[in-house]
> 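Below you will find the structure I want to go over with you.
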Amino acid sequence: MENNIIETILSNWVQTGFTKAFPDLDTETLQAIDVSAATDERFGDYQCNAAMGLARALRMAPRAIAEQAVAALPEQDWVQSTEIAGAGFINITLNPERLADHLMGIEDHAQLGVPAFGQDRTVVIDYSSPNVAKPMHIGHIRSTVIGNALDRLHRFLGYRVLADNHLGDWGTQFGLLILGYHHFVDQDALAQHPVEELERIYVKSYERSQSDAEWLDQARRELVKLQQGDPAHQELWQQFVELSLQEFDKIYTRLGVRFDLVRGESFYRDRFADIIATLQKVGLAEESEGAQIVRLEDDGLDVCIVQKRDGGYNYATSDLATVQQRIEEFQPDTIIYVTDERQQLHFKQFFTIADKLGWQTELVHVWFGLMRLPEATFSTRQGNVIRLERLLDEAESRALEIVKQSSPDMPEAQQLVVARAVGIGAIKYADLSQNPQSLVTFTWDKAMAMDGNSAPYLQYAYARIASVRDKYGERFPGQDPRQFPLSLKEEAELRLAKRLLRFPSVVLRATQLYRPSILADYLYDLAQTYSSFYQNLPFLKAEEGVRESRIRLCGLTARTLRTGLELLGIETPDRI
RNA sequence: GCUCCCGUAGCUCAGCUGGAUAGAGCAUCGGAUUUCUAAUCCGACGGUCGCAGGUUCGAAUCCUGCCGGGGGCGCCA
């Protein structure tokens, strides 16, 4: 697998120096020596901190180690100079001409220098996964947006990706829902706003079950009838599923989210009994108080119930069946689940069981903090949810106001298109730009920030470049900037070029750590560097040659911004 | 009781596979537009990195304990 990103090139290079200077070091130690981006621009571009760590083993002063290693380094055209600083840091400054050559080389490269790291690997990504018959609310946005970014990142790296929307379509809510439907349904409302009506029915039925034991019992019987295949119940259930899917699809279209598979838990139901039988056969499952449980105390986990006393199956069983199906059908190397933090224990449990069954696929749980409201946790039952639909509407209308203000001459149809891209982008970026593992309190203003570190800032930077490109075409018709070389003389040009060089390692890291925020951070930094470059250096008014070089740099920045934002699922209009 | 996560500037957060003087945005204050989109740029102000120990040449980052907040823990998903 080709992996020619700059850190790898420099790490290999520095390793040769250490190998030559200290031939007694074992291979493992040598291979651990690496080069990373400098922590501060004043130190250079890249740095190697290995000398300090080797001081004890080599019984030498770190600076002396660094000096000997540097002295043993072969020529490297990427490197302009090395310097030993502080306690024994090896600071590396890149050669601007080599950098310019490299950037000219990737101008036509669709991947902008990113290697096909995931070639021949398959990954299933299980995300979004709303429950049928309940509207999508702000609690679903993070799984959908983060999952979709991971989906795009993996595809970009060449993985074969199966994005799977694992709908909650077989849970206990259907007993209450079917019972409620028979008593409370308003057919007109169902035709008008299907999911809202289903939710109303569910909430009403749930409330009654809290005070009416007979009602709850009846709901259980309805569920059993459904799960045993009663035709009338099946038909009704099918209708609930279809109505919900239509609603979900509207949201997914607006968010630009697309799945390869949309399979609910019900898809796997024929496997549930076999899973229990298998667990019993290998001695993992045992009976306790009438239920089937798997004891995981030795693994530091609690008991996991796999089958209820009444014969019903639990989530763990359904998830195990799903893994089994995916292994048989797709042979994935990895299955990634994107859910909120409350399910951590559940995933640890069923991952452990899968491991005990000898299933080889790597299982990864990417979790994020729960979204809360300033006053309290939201919940469907308490009725204080903020619907996703409303959130998206609000974002678009806020964006539209700003667009109208700043681009009053833009045709109205275009204003709407821009407002959609900006509004939805802002929402997505708000979720993608921070480490997901912290609890998030939802506020409208925060979710839709339109200045500073936000999607609109990045989109604005992109639109300015598009405008420069167009103006260049108008003023210098027929002129091709590529007739002139990319030349990096000014500090602002160099800084920008060095940022562009980092894109591949950033994409790789964001994917491998399952953290789109790493890419978001980078893009913001890139846009800031560009904005400063834009503000401080003339392009169109610069002399011929310099002008073209800067236009080329603009072009690369535009492509990097567009590609990066696309990986986050954020659109980049040419005008905003 | 057991367990997982969070605690960094007034507010919202990066940084946490250990590295040099801890960084952004917002807010506040000051400056920049006859010039390529000012949703911008340049600058200032602002910090006991929750507390206390420990490991290390070096700790916001790793370990232990404590405090504060949130989540989870046998028939929900």
Side-chain angles (χ1 to χ4, degrees), chain A residues 32 34 36 38-40 42-43 47 49 52-53 55-56 61-62 85-89 91 129 131 168 170-173 265 288-293 297 300-310 312-316 318-319 339-346 348-349 367-370 372 377 399 402-403 405-407 422 430 433-435 437-441 443 445-446 449-454 456-461 463-472 475 513 517-518 520-521 524-525 527-528 531-542 547 550-551 554 575-576:
Chain A
D34 69 338
S36 53
T39 53
D40 191 311
R42 282 165 301 170
F43 303 137
Q47 65 181 44
N49 304 336
M52 277 90 75
R56 178 163 293 177
F89 299 93
N91 291 332
S129 309
N131 288 321
W170 204 238
T172 45
Q173 77 262 37
E265 295 165 74
S288 169
E289 297 172 35
Q292 289 294 319
I293 65 165
E297 288 98 330
L301 302 168
D302 290 306
V303 164
C304 177
I305 296 177
V306 291
Q307 187 174 23
K308 294 185 277 187
R309 196 183 330 179
D310 67 8
Y313 301 98
N314 292 65
Y315 196 30
S318 143
D319 270 332
T339 81
D340 73 61
E341 62 180 323
R342 290 176 300 181
Q343 302 193 33
Q344 282 183 87
L345 178 61
H346 160 70
K348 279 184 191 161
Q349 287 181 329
W367 59 267
F368 50 85
L370 206 56
R372 344 182 73 238
T377 309
I402 298 175
V403 173
Q405 206 174 8
S406 62
S407 306
V422 168
S433 64
Q434 62 177 289
N435 179 351
Q437 300 183 339
S438 53
L439 131 183
V440 172
T441 302
T443 61
D445 286 341
K446 203 168 89 182
M450 304 265 180
D451 57 5
N453 188 358
S454 68
Y457 177 90
L458 302 177
Q459 290 167 322
Y460 179 66
R464 284 163 124 188
I465 303 177
S467 178
V468 165
R469 182 196 57 207
D470 291 351
K471 291 253 162 47
Y472 179 84
R475 294 187 198 176
L513 297 179
S517 65
I518 291 171
D521 275 353
Y524 180 59
D525 180 50
Q528 277 188 121
S531 293
S532 180
F533 166 72
Y534 174 91
Q535 205 84 20
N536 292 303
L537 292 176
F539 310 158
L540 300 179
K541 292 193 167 178
R547 179 175 64 220
R550 288 180 186 162
I551 293 292
C554 282
R575 297 275 177 279
I576 77 169

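Every chain is numbered from 1 and lettered A, B, ... according to where its sequence line falls, protein lines coming before strand lines.
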> Rounded to whole angstrom units, what separation is found between the CD atom of A:Gln434 and the C1' atom of B:C11?
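Interatomic distance, CD of A:Gln434 to C1' of B:C11: 14 Å.
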> Within the 4.0 Å heavy-atom criterion, would you say A:Gly312 contacts the bases, only the backbone, or no part of the nucleic acid?
nothing
> Evaluate the ring planes of A:Tyr315 and A:His346, with Trp represented by its six-membered ring, and classify them as parallel (under 30°), tilted (30 to 60°) or perpendicular (over 60°).
parallel
> Need one value for A:Val303: base, sugar-phosphate or nothing, where a base atom within 4.0 Å counts as base even if backbone is also close, heavy atoms only.
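Contact class for A:Val303: base.
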> Considering every strand and a 4.0 Å limit on heavy-atom distances, what is the contact class for A:Gln405: base, sugar-phosphate, or nothing?
nothing
> Let's see if you can work this out: which of B:A77, B:U56, B:A39 has an atom nearest to the side-chain heavy atoms of A:Val422?
B:A39
> So what does A:Tyr524 touch, heavy atoms closer than 4.0 Å: a base, only the sugar-phosphate, or nothing?
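Since only primed, P, OP1 and OP2 atoms lie under 4.0 Å of A:Tyr524, the category is sugar-phosphate.
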> In this structure, how many angstroms lie between the P atom of B:C36 and the CZ atom of A:Arg575, rounded?
14 Å
> Is there a side-chain polar atom (N or O) of A:Ser467 under 4.0 Å from OP1 or OP2 of B:U37?
yes
> In whole angstrom, give me the gap between the P atoms of B:G1 and B:U21.
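Here B:G1 and B:U21 have their P atoms 42 Å from each other.
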> Give me the distance, rounded to whole Å, that separates B:G31 from B:A24 when you measure between the P atoms they each carry.
22 Å
> As a test of reading the structure: which of B:C75, B:U37, B:C41 is closest to the side chain of A:Ala291, going by heavy atoms?
B:C75
> Side-chain N or O of A:Lys446 less than 4.0 angstrom from OP1 or OP2 on B:C26?
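Checking B:C26 against A:Lys446, no side-chain N or O comes under 4.0 Å of OP1 or OP2.
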> Pick base, sugar-phosphate or nothing for A:Pro62, based on heavy-atom distances below 4.0 Å to the nucleic acid.
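Touches nothing.
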> Using atom CG of A:Leu458 as one end and atom P of B:U37 as the other, report the distance to the nearest whole Å.
18 Å
> Counting only side-chain heavy atoms from C-beta out, which of B:C5, B:A39, B:G74 sits nearest to A:Ser288?
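The closest nucleotide is B:G74.
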> Mind checking if A:Ser517 touches a base, just sugar-phosphate, or nothing, with heavy atoms under 4.0 Å?
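Since no nucleic acid heavy atom lies under 4.0 Å of A:Ser517, the category is nothing.
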> Contact class for A:Gln47 (heavy atom, under 4.0 Å): base, sugar-phosphate, or nothing?
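Base contact - A:Gln47 has a heavy atom under 4.0 Å of at least one base atom.
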> Please give the distance between the C1' atoms of B:A60 and B:G50 as a whole number of Å.
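Pairwise C1' distance, B:A60 against B:G50, rounds to 12 Å.
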> Let's see if you can work this out: which of B:C76, B:A38, B:G71 has an atom nearest to the side-chain heavy atoms of A:Arg342?
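So the nucleotide nearest the side chain must be B:G71.
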> Distance check, P atoms only: B:G23 and B:C45, in whole angstrom units.
13 Å
> Considering every strand and a 4.0 Å limit on heavy-atom distances, what is the contact class for A:Thr39: base, sugar-phosphate, or nothing?
base
> Over all strands shown, is A:Leu301 touching base, sugar-phosphate only, or nothing at heavy-atom distances under 4.0 angstrom?
nothing
> Whole angstroms only, please: what is the CG-P distance between A:Asp310 and B:G74?
17 Å
> If pairing requires Watson-Crick or G-U wobble contacts with both distances under 3.5 Å, which nucleotide is the partner of B:A60?
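By the stated definition (distances under 3.5 Å), nothing pairs with B:A60.
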> Across all strands, who's sitting opposite B:A44 as a Watson-Crick or G-U wobble pair, both distances under 3.5 Å?
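Looking at the geometry, B:A44 pairs with B:U28.
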> Among B:G19, B:U40, B:U37, which nucleotide has an atom closest to any side-chain atom of A:Phe89?
B:G19
> Partner lookup for B:G65, please. Criteria are Watson-Crick or G-U wobble with both distances under 3.5 angstrom; report none if nothing qualifies.
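Looking at the geometry, B:G65 pairs with B:C51.
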> Using the P atom as the point on both nucleotides, what is the distance between B:C51 and B:G43, in whole Å?
31 Å
> How far, in whole Å, is B:A59 from B:A22 if one measures between their P atoms?
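Roughly 13 Å separates the two P atoms.
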> Between B:C16, B:C36, B:C73, spot the one nearest the side chain of A:Asn435, thanks.
B:C16
> Which value, in whole Å, describes the distance between the C1' atoms of nucleotides B:G72 and B:A77?
13 Å
> Has A:Tyr315 got a side-chain N or O lying under 4.0 Å from the OP1 or OP2 atom of B:A77?
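No, because none of the side-chain N or O atoms of A:Tyr315 sits under 4.0 Å from OP1 or OP2 of B:A77.
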> Say we look at B:C4 and B:G47: how far apart would their P atoms be, to the nearest angstrom?
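Rounded to whole Å, the distance is 35 Å.
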> Is it the case that the base of B:A32 and the side chain of A:Gln535 share a donor-acceptor contact (distance under 3.5 Å, atom types as modelled)?
no
> Quick check for you: among B:C42, B:A20, B:A77, whose closest atom lies nearest to any side-chain atom of A:Asn91?
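So the nucleotide nearest the side chain must be B:A20.
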> Which of the following nucleotides, B:C75, B:G74, B:U37, is nearest to the side chain of A:Glu289?
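The answer is B:C75.
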> In whole Å, I'd like the distance from the CE atom of A:Met52 to the C1' atom of B:C57.
9 Å
> Using a heavy-atom cut-off of 4.0 Å across all strands, would you classify A:Leu345 as base, sugar-phosphate, or nothing?
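A:Leu345: backbone/sugar contact only, no base atoms under 4.0 Å.
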> OP1 or OP2 of B:A39 sitting under 4.0 Å from any side-chain N/O of A:Tyr534?
no
> Atom CD1 of A:Ile465 and atom CG of A:Asp470: how far apart are they, to the nearest 0.5 Å?
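A:Ile465 CD1 to A:Asp470 CG: 12.0 Å, rounded to 0.5 Å.
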> How would you label the contact of A:Ser531 with the nucleic acid (heavy atoms, under 4.0 Å): base, sugar-phosphate, or nothing?
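Sugar-phosphate: the residue A:Ser531, judged by heavy atoms under 4.0 Å, touches backbone atoms but no base.
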> Using the side-chain heavy atoms of A:Ile402, tell me which of these nucleotides is nearest: B:C75, B:U37, B:A39.
B:A39
> Base, sugar-phosphate alone, or nothing: which one does A:Asn49 contact when heavy atoms must sit under 4.0 Å apart?
base
> Look at the side-chain N and O atoms of A:Ser532 and state whether any lies under 4.0 Å from the OP1 or OP2 oxygen of B:C42.
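Yes, such a contact exists.
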> Identify which nucleotide among B:G25, B:C4, B:C36 has an atom closest to any side-chain atom of A:Leu540, counting heavy atoms from C-beta outward.
B:C36
> In whole Å, what is the span from the CD1 atom of A:Ile465 to the C1' atom of B:A39?
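Answer to the nearest Å: 15 Å.
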> Reckon A:Ala463 touches a base, only the sugar-phosphate, or nothing at all at heavy-atom distances under 4.0 Å?
base
> Indicate, with a heavy-atom threshold strictly under 4.0 Å, whether A:Ala461 touches base, sugar-phosphate, or nothing.
nothing
> In the structure shown, which nucleotide is the Watson-Crick or G-U wobble counterpart of B:A20, with both distances under 3.5 Å?
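Paired with no nucleotide.
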> Between B:C5 atom C1' and A:Gln344 atom CD, what is the distance in whole Å?
6 Å
> Above 12 or not: heavy atoms from other molecules or residues under 6.0 Å from CD of A:Gln405?
no
